[in-house]
Amino acid sequence: MFARAVRPAVRPAASLARSLSTGAQSRAKVAVLGASGGIGQPLSLLLKNSPLVSQLSLYDINHTLGVAADLSHIETRAQVTGYMGAEQLDAALQGCDVVVIPAGVPRKPGMTRDDLFNTNATIVATLADAVARNCPEAVICVIANPVNSTIPIASEVMKKYGVYNPNKVFGVTTLDIVRANAFVADLKGLDPARVNVPVIGGHAGVTIIPLISQCSPKVDFPAEQLAALTSRIQDAGTEVVKAKAGAGSATLSMAYAGARFTFSVLDAMNGKEGVVECGYVRSEETECKYFSTPLLLGKNGIEKNLGLGRLTAYEEQLVAGAVSELKASIKKGEDFVANRK
């Protein structure tokens, strides 16, 4: 199992804290596309506070200059620049090493991730087009939902420009891992910073597959409780949407998860060894073209796909149940780009 083979030297939550400290140094230029939104603003704040980032390029269709001015007053070394409107998108991406894309409309009560497709598909395709033209070597971290479709969209756009590198295009599913860690820790009375549950598959409903059997430290649940825990992890996004009663979806926890993933990418780019995160990527681990699994990160993105590990019969059943939905979502994304004018 990956948890024993190549576990990061620092636990995920501790890793995030370290990245916000004053020790690490980097020259990375990071762009946040959708920086004025509910995820974009707290995500940009976390990135501004990290010494792993030397330049922070913020882009959105409105309010970006105010967000950039606000963040620029924080006493950390990252230089912040704001860009606003389609005419400034290319400038925002010049020389970027990492591009994080939280742009898009959020879910509202009663909406599924597929309901977001038409709007967010166009947004992601437009932004991926700009990345392909301006910083094709950058690592792309897509948060915009539905991730099961937006990663195929970003990949197909990059292919059209002949710059697609499957090792550098990630769907950020880290929130599923963060939630699984928190929920397991709560049930077992553990320190959540010391819990690590790999989550594979995709990033919507039944495609979210927590591998509780591979949790570190090892935990056990009766079958009924395991099923309830799995369902809660799969439906946690809806839990937040309902709790906010129409005021939005998961923004603060997603910003945290997005920052954690970005810091892991930057750590690996800086030469840190043993950095492992789950991510939704081009994959040959299953019959689906894209699939989330634990990934060993390196200087150029994915160094090694660590695969599914040993699954229980229950987890194998979850994987089998996710395949058809994942395939349909992937095809939907690919067809969108193929038919796009």
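Any value given below was found using the heavy atoms of this structure, including those in side chains, with hydrogens, waters and symmetry copies removed.
Follow the hydrophobic side-chain contacts under 4.5 Å out from Phe221 and you reach Ile209 in the same cluster. One hydrophobic cluster holds both Ile330 and Leu308 under the rule that ILVMFWY side chains link at heavy-atom gaps under 4.5 Å. Cluster membership check: Leu226 shares its hydrophobic cluster with Val184, using side-chain heavy-atom separations under 4.5 Å among Ile, Leu, Val, Met, Phe, Trp and Tyr. Note on Val197 and Val219: same hydrophobic cluster, where clusters join Ile, Leu, Val, Met, Phe, Trp and Tyr whose side-chain heavy atoms are under 4.5 Å apart, directly or indirectly. In terms of hydrophobic clustering, with Ile, Leu, Val, Met, Phe, Trp and Tyr side chains grouped at heavy-atom distances under 4.5 Å, Leu45 and Leu58 are assigned to a common cluster.
Residue pairs meeting the salt bridge (Lys or Arg N to Asp or Glu O under 4.0 Å) criterion with at least one member in residues 49-73, sequence neighbours excluded, do not occur. Residues in residues 264-306 take part in no ring-ring contact (aromatic ring centres under 6.0 Å, His included) pair, two or more places apart or across chains. Residue pairs meeting the ring-ring contact (aromatic ring centres under 6.0 Å, His included) criterion with at least one partner in residues 47-103, sequence neighbours excluded, do not occur; the list is empty. Pairs engaging residues 314-340 under the ring-ring contact (aromatic ring centres under 6.0 Å, His included) rule: Phe117-Phe336 [sequence neighbours left out]. Residue pairs meeting the side-chain hydrogen bond (donor to acceptor under 3.5 Å, both in side chains) criterion with at least one partner in residues 294-305, sequence neighbours excluded, are Thr293-Asn305.
At least one side-chain heavy atom of Ile200 sits less than 4.5 Å from a side-chain heavy atom of Pro294. The shortest distance between side-chain heavy atoms of Met254 and Val172 falls below 4.5 Å. Side-chain contact between Val323 and Cys288 is present, with at least one heavy-atom pair separated by less than 4.5 Å. When side chains are defined from C-beta on, Leu229 does not count as touching Gln225, because their heavy atoms never get closer than 4.5 Å. The closest side-chain heavy-atom distance from Leu89 to Leu127 is below 4.5 Å. Between Val157 and Lys160, every side-chain heavy-atom pair lies at or beyond the 4.5 Å cut-off. The side-chain heavy atoms of Leu311 and Ser213, taken from C-beta on, include no pair separated by under 4.5 Å. Side-chain atoms of Leu52 and Asn270, non-hydrogen and from C-beta on, do get closer than 4.5 Å to each other.
Minimum heavy-atom separation, Gly40 to Pro102: CA-CG, 4.1 Å. Across all non-hydrogen atoms, the minimal contact from Ala103 to Ile123 is CB-CG2, 3.9 Å. Heavy-atom minimum distance, Val240 versus Ser249: CG1-C, 3.9 Å. Here the closest heavy-atom approach between residue Ala31 and residue Ala92 is recorded as CB-O, 4.2 Å. Closest non-hydrogen pair, Gly321 versus Val206, comes out as O-CG2, 4.3 Å. Heavy-atom minimum distance, Val275 versus Ser264: CG1-O, 3.5 Å.
Looking only at distances, no side-chain donor or acceptor of Thr207 sits under 3.5 Å from a matching main-chain atom of Ala322. In this structure a side-chain-to-backbone donor-acceptor pair under 3.5 Å is present from Glu315 to Thr312. With hydrogens and angles ignored, the 3.5 Å screen pairs a side-chain donor or acceptor of Thr122 with a backbone N or O of Asn118. Checking side-chain atoms of Arg77 against main-chain N and O of Pro51 turns up a donor-acceptor pair under 3.5 Å. Under a 3.5 Å cut-off, the side chain of Thr76 and the backbone N or O of Lys48 do form a donor-acceptor pair. No side-chain donor-acceptor contact under 3.5 Å links Asn196 to the backbone of Ser216. In this structure a side-chain-to-backbone donor-acceptor pair under 3.5 Å is present from Asn120 to Asn145. Under the 3.5 Å distance criterion, the side-chain polar atoms of Ser36 are matched with a main-chain donor or acceptor of Asn62.
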Step-by-step side chain to side chain contact (heavy atoms under 4.5 Å, CB included) determination, Val147 to Thr150 | CA-CA 5 Å; Val147 165; Thr150 55; 4.2 Å; yes
When you look at Leu266 and Val30, which way does the side chain to side chain contact (heavy atoms under 4.5 Å, CB included) test go after all the steps?
-> CA-CA 10 Å; Leu266 292 171; Val30 179; 4.2 Å; yes
Which is it for Met158 and Ile140 under the side chain to side chain contact (heavy atoms under 4.5 Å, CB included) test, yes or no, and what are the steps along the way?
-> CA-CA 11 Å; Met158 301 295 282; Ile140 305 172; 3.8 Å; yes
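Residues that satisfy the salt bridge (Lys or Arg N to Asp or Glu O under 4.0 Å) test with Glu284, not counting sequence neighbours, are absent from this structure. Lys29 is linked by a side-chain hydrogen bond (donor to acceptor under 3.5 Å, both in side chains) to nothing, counting only residues two or more places apart in sequence or in another chain. Every residue was checked against the side-chain hydrogen bond (donor to acceptor under 3.5 Å, both in side chains) condition with Gln55, not counting sequence neighbours, and none meets it. The salt bridge (Lys or Arg N to Asp or Glu O under 4.0 Å) check on Lys188 picks up nothing, with sequence neighbours excluded. Applying the side-chain hydrogen bond (donor to acceptor under 3.5 Å, both in side chains) rule to Glu287 yields the partners Lys327; only residues at least two apart in sequence or on another chain are considered.
For the atom pair Ile143 CD1 and His203 NE2, the distance stands at 8.5 Å (nearest 0.5 Å). Between Ser44 atom OG and Ile39 atom CD1 the span is 11.0 Å, to the nearest 0.5 Å. The structure places CG of Leu33 at 8.0 Å from SG of Cys96, a figure rounded to the nearest 0.5 Å. In this structure, OG1 on Thr81 lies 11.5 Å from CG on Leu71, to the nearest 0.5 angstrom. Between the CZ atom in Arg232 and the CG atom in Asp186 there is a gap of 7.0 Å [rounded to 0.5 Å]. Of the inter-residue distances, the one linking Asn49 atom CG with Glu75 atom CD reads 9.5 Å to the nearest 0.5 angstrom.
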Do any side-chain atoms of residues 161-170 form donor-acceptor pairs under 3.5 angstrom with protein atoms, and if so which ones, sequence neighbours left out?
from   : atom 1 : to     : atom 2 : distance (Å)
Tyr161 : OH     : Asp129 : OD1    : 3.0
Tyr161 : OH     : Asp129 : OD2    : 2.6
Asn165 : OD1    : Asn167 : N      : 2.9
Lys168 : NZ     : Glu137 : O      : 2.8

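Lys244 and Thr251 share a donor-acceptor pair across their side chains, judged by distance under 3.5 Å alone.
Here Glu334 pairs with Lys289 in a salt bridge; the nearest charged N to carboxylate O distance falls below 4.0 Å.
Grouped with Met84 in one hydrophobic cluster are Leu65, the linkage being side-chain heavy-atom contacts under 4.5 Å among Ile, Leu, Val, Met, Phe, Trp and Tyr residues.
Counting heavy atoms of neighbouring residues, nucleotides and ligands inside a 6.0 Å radius, atom CD of Gln79 does not exceed 12 of them.
Screening Cys141, Ser57, Cys135 for a side chain to side chain contact (heavy atoms under 4.5 Å, CB included) involving Val99 leaves a single residue, Cys135.
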